[in-house]
Amino acid sequence: MNKNRVQVKIAGASYTIVTEDDPQYVEELAENISLEIRSICNANPSLSMTQAAVLVALDEADSYKKASASADNLRVQIKDYLEESARAKMEVEVARREVERLNREIADLREKLNNR
């Protein structure tokens with residue numbers, strides 16, 4: 001895949017990012033981080049830019065970890081649903097065969113009754 005060189009500005013500092021991601025995506029990420037840093041700095045004027053960046057990084061790491069745990073939980077649920085679905089399909093097939101067997105038995109019994 002092609003590498004893109006994306007020039008972004010985060011909290012007033014310029015960075016060149018080399019990535020395979022879409023440049024617009026990287027620019028949006030940078031803008032979001034910049035907005036978060038500015039928001040923290042505005043709410044806490046005594047914080048340095050570095051401190052605000054660390055707080056944003058902690059918040060992003062927290063969000064990532066929670067999203068990752070949620071995704072893992074969903075994978076487990078999907079796996080369980082697939083296993084449950086497979087079991088149900090097997091049970092349906094067993095029940096279908098039993099219905100067929102019982103229908104044959106009924107047909108045989110009717111034939112015996114008619115032959116009397």
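We number each residue from 1, following the sequence as shown. What you see below is based on every heavy atom in this structure, not just the backbone, and it leaves out hydrogens, waters and symmetry mates.
Residue Gln7 comes nearest to Thr16 through the heavy atom pair OE1-OG1, 2.7 Å, listed as atom of the first residue, atom of the second, then distance. Between Ser48 and Cys41, the shortest heavy-atom distance links the atoms O-SG, 4.5 Å.
Within 6.0 Å of the CZ atom in Arg5, the count of heavy atoms belonging to other residues, nucleotides or ligands does not exceed 12. Within 6.0 Å of the CG atom in Asn2, the count of heavy atoms belonging to other residues, nucleotides or ligands does not exceed 12. Open room surrounds CD on Gln24; 12 or fewer heavy atoms of other groups in view lie less than 6.0 Å from it.
For the atom pair CD of Glu98 and CG of Asn103, the computed distance is 10.0 Å after rounding to the nearest 0.5 Å. Note: Ile37 CD1 to Leu47 CG = 11.5 Å, rounded to the nearest 0.5 Å. The structure places CD1 of Ile10 at 11.5 Å from CE of Met49, a figure rounded to the nearest 0.5 Å. Distance check: Asp59 CG to Ile33 CD1 gives 9.0 Å after rounding to the nearest 0.5 Å. To the nearest 0.5 angstrom, Gln77 atom CD is 12.0 Å from Leu82 atom CG. Rounded to the nearest 0.5 angstrom, Asn114 CG and Glu111 CD are separated by 8.0 Å.
With sequence neighbours excluded, no residue forms a salt bridge (Lys or Arg N to Asp or Glu O under 4.0 Å) with Lys65.
Between Arg101 and Glu105 there is a salt bridge, with a side-chain nitrogen of the basic residue lying less than 4.0 Å from a carboxylate oxygen of the acidic one. Salt bridge status for Lys112 with Asp108: absent, with no side-chain N to carboxylate O gap under 4.0 Å. Using a 4.0 Å cut-off between a side-chain N of Lys or Arg and a carboxylate O of Asp or Glu, Glu83 and Lys79 qualify as a salt bridge.
Between Glu93 and the choices Arg97, Met90, Glu91, the side-chain contact (heavy atoms from CB on, under 4.5 Å) rule is met once, by Arg97.
Distance alone, capped at 3.5 Å, is enough to place a donor-acceptor pair between the Ser34 side chain and the Ala11 backbone. Asn4 places a side-chain N or O within donor-acceptor distance of the main-chain N or O of Asp21, the cut-off being under 3.5 Å.
Hydrophobic cluster membership differs between Leu35 and Val56, with clusters built from Ile, Leu, Val, Met, Phe, Trp and Tyr side chains linked at under 4.5 angstrom.
In this structure the side chain of Gln51 never reaches within 4.5 angstrom of the side chain of Ile40, judged on heavy atoms.
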